[in-house]
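Everything below concerns the one structure shown next.
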Protein chains: 2
Amino acid sequence: MNSSRPVTIKDIARRFRCSPSTVSRALNDHPAINEDTRKNIQEYAREVGYQRNEVSLSLLNKKTASLGVVVPTISNYYETAVIEGLHTALQPIGYTLNICVTNENYALEKEYLAKLLSNRTEGIFLSVSHETYNSGYYEHLESVIQRKTPLIFIDREYEDFETSRATVDDYHGAFAAVEHLINIGYRHIAHLKGPNGLTVSEQRFKGYADCLKKYDMAVREEFIINTNFNVESAILPTKRLLEMATPPDAIFGVNDQVAIGAMRVVKAKGLRIPQDVGLIGFDNSPISAYTFPSLTTVNRPGRKIGMEAARLFLNQVNGAEDFKHESTVLPSELIIRESTLRI
Amino acid sequence: MNSSRPVTIKDIARRFRCSPSTVSRALNDHPAINEDTRKNIQEYAREVGYQRNEVSLSLLNKKTASLGVVVPTISNYYETAVIEGLHTALQPIGYTLNICVTNENYALEKEYLAKLLSNRTEGIFLSVSHETYNSGYYEHLESVIQRKTPLIFIDREYEDFETSRATVDDYHGAFAAVEHLINIGYRHIAHLKGPNGLTVSEQRFKGYADCLKKYDMAVREEFIINTNFNVESAILPTKRLLEMATPPDAIFGVNDQVAIGAMRVVKAKGLRIPQDVGLIGFDNSPISAYTFPSLTTVNRPGRKIGMEAARLFLNQVNGAEDFKHESTVLPSELIIRESTLRI
DNA sequence: GAAATTTTTTCAAACGTTTGCATTCAATAT
DNA sequence: ATATTGAATGCAAACGTTTGAAAAAATTTC
């Protein structure tokens, strides 16, 4: 059987000399269909491997059961955890996820959103790209809103849109991290900050700064250096910190990668962790448990964020007329490990 | 404008008192359309945010430009790297990826494949689930083949299908790893194997065993213990190894996770790495560079595999009539780090 | 054996777009 | 004025499926 062209309902109808309607009803167990007809048609359909064309159904019902997930990257643990959460919540109820990776690029983000709308995607989960953030452009989002396609922000957001959003409590996570350092007895705490402007960077920075203030400690500008979220970007900044006249005795990295970069430099300098320098990261990525010493960090529940985002989406589509957008902020949680545990 | 229903070509036609055909042609810059008409229609379309319904086009042209990616998990570095590679190669030329995660589950795999076919996906990248492997069922794949939907196997494969496949050279990677251990001077090399039956497990095991044989070393059954690819599954096996009368002086883990699990146990026992015990993993996951000591491993080029799989797919769809299925085996590469570098 | 009823099947429209062919209308050539 | 051309537009079918309403066929009722 050279069945490269998929079998259609019409093919089956021709075979049974009946109308397509009958075949359709037979296949869907419609009660008005004769028992024998039904059996014959179903059996034949199975035999020739009939599979209904969902594309035509999408057109007819204006339902595609597909969702867009637009993220800057999928090469970090956190993002894949979020996707896994979305997947866990949404695949079982029939949704298909279209993953789009923007590489922090505005033009790509715009293109993907347009494409998702063209494909009549029923909802979009978006973590906006870094470039979009900086540029401040957002017309590409207006068309999503205008189309009434549910848009759920994940972590990175525009404040001025009326949408649901799921984020992690970066502020209090950072606050708790720094407070922990202070409790242990560290007094000169530096921060390897993320790129300026991103909510994630700024919130963590704010938690850091506010905590210092609470304990009447100076927020020293030279103790705050930008990084790019990855290991390499932490190397030089850490060197600079350690070569200061009065170097810090603890470093709070904006994420685990950065903290690990710092860890390398500190160890290379012959300083001991945590005795000489305390070190703390953010994300609780799998790697953080297995460095040496293991890294104190702040857990960021990616999987839960994904599931929560899914819940927000479902709320919106199944929504009562009194539906209100929600902003969920999931708590982050301090995970204490060896890199801060002195004495 | 309560434009919750997307604007269609018909809407625009009504507005201009012309036929849908004219609007369609105007929007597509058809030369037979009056310049003014074209401009007016295009301008109006932009104004009201018209976006063509790709679903209807898919139905008409029988092209969906969407591809299925069916993988057992997305929570490991390697899998996401593969997906990234696919994405890098295929998104720019207009394909959309539908990621399906089977959780190593046969029923889910079957369901997803059926769904992808129903959605008229134009190609499927598949890394079969563990359960499928064990059960040996593969009718769910037959229907894919029968439909002439290009099917590309990634890493895990059925030998008996006529398809293209992209895999990493696990055998020689494992061989090189063990040879390296022998060269360094380790003599009692244990293997923490993956689950039996999976190609990945068996190939790496074979590389291990063949290398030992080449150097006239015994392949001792008690030195080969199964794990489940994750950290925890390596804990007990490693304990058992170290408590033997003549314990191994080196351990080859089926992947980095397993090697890291072993590392914990070895260090907890007070043994030194690499002096007392050599340790080697597989995958070159990011984490392996940052453990202490850093982990010798075998690089597995996930991103490249993804791009290669994409290439194989494109070959098939753009294929000349003399098209032949290919099996690409990408080389793996030994990455030597501290965990094996004694003396 | 015809009317009434029930069961089963078909018709036609719809979803949004494209496209070969036919049509209309105006302009040009004769 | 009429035939010829050319430009611009419209018609209708197609993709595969579903579904309300109509039609046909079979069965029951008296």
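Just so it is clear, the model here is predicted, and its values are computed rather than measured.
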Looking at residues at least two apart in the chain, or sitting in another chain, which of them share a ring-ring contact (aromatic ring centres under 6.0 Å, His included) with [X]?
{"X": "A:Tyr44", "value": "A:Phe16"}
{"X": "A:His30", "value": "none"}
{"X": "A:Tyr95", "value": "A:Phe313"}

Restricting to side chain to side chain contact (heavy atoms under 4.5 Å, CB included), what partner residues turn up for [X], sequence neighbours left out?
{"X": "A:Leu27", "result": "A:Ile9, A:Val23, A:Ile41, A:Gln42, A:Ala45, A:Tyr50"}
{"X": "A:Asn61", "result": "A:Leu57, A:Lys63"}
{"X": "B:Ala166", "result": "B:Ile305, B:Glu308, B:Ala309, B:Leu312"}

Would you classify [X] as touching base, sugar-phosphate or nothing, given that sugar-phosphate means primed atoms plus P, OP1 and OP2, and contacts are heavy atoms under 4.0 Å?
{"X": "A:Lys62", "result": "sugar-phosphate"}
{"X": "A:Leu57", "result": "sugar-phosphate"}
{"X": "B:Asn61", "result": "nothing"}
{"X": "B:Ile9", "result": "sugar-phosphate"}
{"X": "B:Tyr50", "result": "sugar-phosphate"}

Could you work out how much the helix from C:dG1-D:dC30 to C:dT30-D:dA1 bends, comparing the axis of its first five pairs with that of its last five, to 10°?
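Between the first-five-pair axis and the last-five-pair axis there is 70°.
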
Summarise how protein sits on nucleotides 4-11 of chain D as a single string, 5' to 3': B when a protein heavy atom is under 4.0 Å from the base, S for sugar-phosphate-only contact, - for no contact.
----BBBB

Flag, side chain of B:Glu84 to backbone of A:Ile74, donor-acceptor distance under 3.5 Å:
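Flag not set: sc B:Glu84 to bb A:Ile74 has no pair under 3.5 Å.
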
First and last nucleotide of DNA chain C in contact with chain A, 5' to 3', at under 4.0 Å to a heavy atom: what are they?
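Answer, 5' to 3': C:dT8 to C:dG16.
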
Could you pull out all residues at least two apart from [X] that satisfy side chain to side chain donor-acceptor pair (under 3.5 Å)?
{"X": "B:Lys115", "value": "A:Thr96"}
{"X": "A:Thr22", "value": "A:Ser19"}
{"X": "A:Thr88", "value": "A:Arg303"}

Quickly work out the A:Leu59 CG to D:dT18 P distance and round it to whole Å.
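So the two atoms are 13 Å apart, to the nearest Å.
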
If you define the side chain from C-beta out and look only at heavy atoms, does anything of A:Ser129 sit under 4.5 Å from A:Asn105?
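Side-chain contact under 4.5 Å: no.
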
